*Asks:* 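Please read through the structure below; I'll follow up with questions.
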Amino acid sequence: MPKIDNGPPDYRLNLPPIVKENYGKWEYHESPRPGVLKHVGPAGALYSVRAGSPRLVSVDFIRDVCALADKYCDGYLRFTSRNNIEFLLSDEANVEPLIEECEAQGLPVGGTGASISNVVHTQGWVHCHTPATDASGITKAVMDDLFEYFKRDDLPNKLRIAMACCLNMCGAAHVSDIALVGVHRTVPRIDHEAVRKSTEIPSLVACCPTAAIRPDPKNKSVTVVEERCMYCGNCYTMSPGMHIMDAKNDGVAILIGGKVSNARTAPAFSRMVIPFLPNNPPRWPEVTEAVRGIVDLWIANARKGERLGEWIERIGWERFFDLSGIPFTDKHIDDYIFSRETFRTGAAFKY
Ligand code: SF4
Ligand code: SF4
């Protein structure tokens with residue numbers, strides 16, 4: 001009988017000896033250069049060399065990375081929560097040779113401190129059935145454009161970018177400095193036969209956040225009240241008969257100003273600033289240009305230590321729209337159930 005319900009391997013089995021010896025006793029850390037961290041404890045120092053990864057990788061890629069870890073790190077490495085690779089070294093003399101070999105193999109070293117680290121992203125057209133855009137393609141295009149900021153650590157603060165290919169927002173798009181989110185713009189086309197054959201209709205009716213879906217018992221299907229639909233695509237998740245994809249009308253919205261840490265200010269949700277940009281594969285030039293515009297504006301104007309959302313809250317959103325040149329439209333005004341909280345209830349604003 002194979003063993004089941006084992007859980008993951010005990011993480012302690014894979015810790016480098018220097019981490020085991022210093023476990024729970026670390027004294028401080030510093031960053032000798034972008035992409036390198038030095039953690040110091042009573043048993044000595046651990047050097048972490050952080051390299052970007054595309055997340056979606058081949059077994060050959062993993063083997064190449066393991067070969068580097070064998071050569072320079074006694075076989076030890078880890079992956080970070082943003083899918084970067086961290087090589088874990090106890091010998092400082094190996095740090096520079098490892099960096100040189102990483103760069104030679106196309107593994108950029110960076111992503112520490114006040115930088116733009118890896119983009120947390122999703123499946124896109126590679127593997128999911130509900131996306132409104134691609135994930136790996138758009139992430140590559142955006143990071144190519146922002147590459148210099150991965151390797152620098154002198155920005156006002158860290159800037160987190162996340163990408164989700166539909167409004168399910170798998171990942172971190174709802175709480176990131178900049179989020180790219182795939183959006184639809186057309187009402188689902190109903191395939192009644194598919195709905196009849198494969199759908200639990202009460203669940204389909206209940207999944208719609210705006211109650212746009214009504215049961216149609218005579219046809220054993222549903223109808224959609226078109227003017228109530230805001231194209232979230234949730235009904236397609238429930239039923240293969242609710243076709244929402246539309247190559248010409250699907251695209252990308254940009255949300256900004258979110259964060260998860262409690263440093264200085266409370267965690268915040270990202271807010272929509274650009275309702276729609278077209279899907280323009282393979283390089284999504286409209287999206288990369290918009291993201292760079294926002295990043296450069298923040299770098300030029302924020303105070304040291306200010307996250308993107310903190311800078312905007314200080315200057316005011318109307319000033320941000322002014323400075324960025326992004327048009328403010330009725331699409332920006334929240335009209336969902338709890339929208340009242342987002343309206344201005346004071347007289348303080350800038351002309
Ligand atoms: S965000 Fe949506 S489309 Fe993308 S992987 Fe998640 S569920 Fe699929
Ligand atoms: S796309 Fe969303 S809003 Fe429109 S009918 Fe489907 S679930 Fe309702």
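Remember, it's 1-based here, ligands and their atoms both numbered in the order they're listed. No experiment lies behind these values; they were computed from the predicted model shown.
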*Asks:* Can you pull out the closest protein heavy atom to atom 8 (Fe) of ligand 2? Residue, atom name and distance to 0.1 Å, please.
*Replies:*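 The protein heavy atom lying closest is Cys208 SG, 2.3 Å.
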*Asks:* Could you list which atoms of ligand 1 come closer than 4.0 Å to a heavy atom of Gln123?
*Replies:*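 Per the distance check, 5 (S).
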*Asks:* Provide the number and element of each atom of ligand 1 under 4.0 Å from a heavy atom of Asn168.
*Replies:*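 Numbered from 1, ligand 1 contributes 2 (Fe), 7 (S).
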*Asks:* One thing to verify: whether Glu103 and Lys151 come together as a salt bridge, which I'm taking to mean a side-chain N less than 4.0 angstrom from a carboxylate O.
*Replies:*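 Glu103 and Lys151: salt-bridged.
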*Asks:* Please work out, at 4.0 Å between heavy atoms, whether the side chain, the backbone, both, or neither of Val187 comes within that distance of ligand 2.
*Replies:*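 Looking at Val187 and ligand 2, no heavy atom falls under 4.0 Å.
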*Asks:* Could you tell me whether Glu86 and Arg50 have a side-chain N and a carboxylate O separated by less than 4.0 Å?
*Replies:*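 Yes, this pair counts.
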*Asks:* Any idea which atoms of ligand 2 are less than 4.0 Å away from a heavy-atom of Thr210?
*Replies:*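 What qualifies from ligand 2 is 3 (S).
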*Asks:* Which atoms form the tightest heavy-atom contact between Cys170 and Thr122, and what is the distance?
*Replies:*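 Taking every non-hydrogen atom into account, O-CG2, 3.0 Å.
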*Asks:* At what distance is the nearest protein heavy atom to atom 2 (Fe) of ligand 1, and which residue and atom is it?
*Replies:*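 Going by distance alone, atom 2 (Fe) of ligand 1 is nearest to Cys166 SG, 2.3 Å.
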*Asks:* Where's the contact between Tyr231 and ligand 2, heavy-atom distance under 4.0 Å: side chain, backbone, both or neither?
*Replies:*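 The backbone, only.
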*Asks:* Locate the shortest heavy-atom distance separating Ile274 from Ala290; write the atom from each residue and the value.
*Replies:*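 What the structure gives for the nearest pair is CD1-CB, 3.8 Å.
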*Asks:* Using a 4.0 Å heavy-atom cut-off, say whether Cys128 meets ligand 1 through its side chain, its backbone, both or neither.
*Replies:*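 Looking at Cys128 and ligand 1, just side chain atoms fall under 4.0 Å.
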*Asks:* Cation-pi check, Arg185 to Phe276: give yes when NZ or CZ is under 6.0 Å from the six-membered ring centre and within 45° of the ring axis, no otherwise.
*Replies:*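 Judged by the rule (NZ or CZ under 6.0 Å from the ring centre, within 45° of its axis), Arg185 counts as positioned above Phe276.
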*Asks:* Just wondering, do Tyr236 and Met245 contact through their side chains at under 4.5 Å, heavy atoms?
*Replies:*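 Yes, at least one pair of side-chain atoms sits under 4.5 Å.
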*Asks:* How about CD on Glu30, more than 12 heavy atoms from neighbouring residues, nucleotides or ligands closer than 6.0 Å, or not?
*Replies:*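 Counting other residues, nucleotides and ligands, CD of Glu30 exceeds 12 neighbours.
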*Asks:* Check each heavy atom of Thr122 against ligand 1 and say whether those closer than 4.0 Å belong to the side chain, the backbone, both or neither.
*Replies:*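 Answer for Thr122: side chain.
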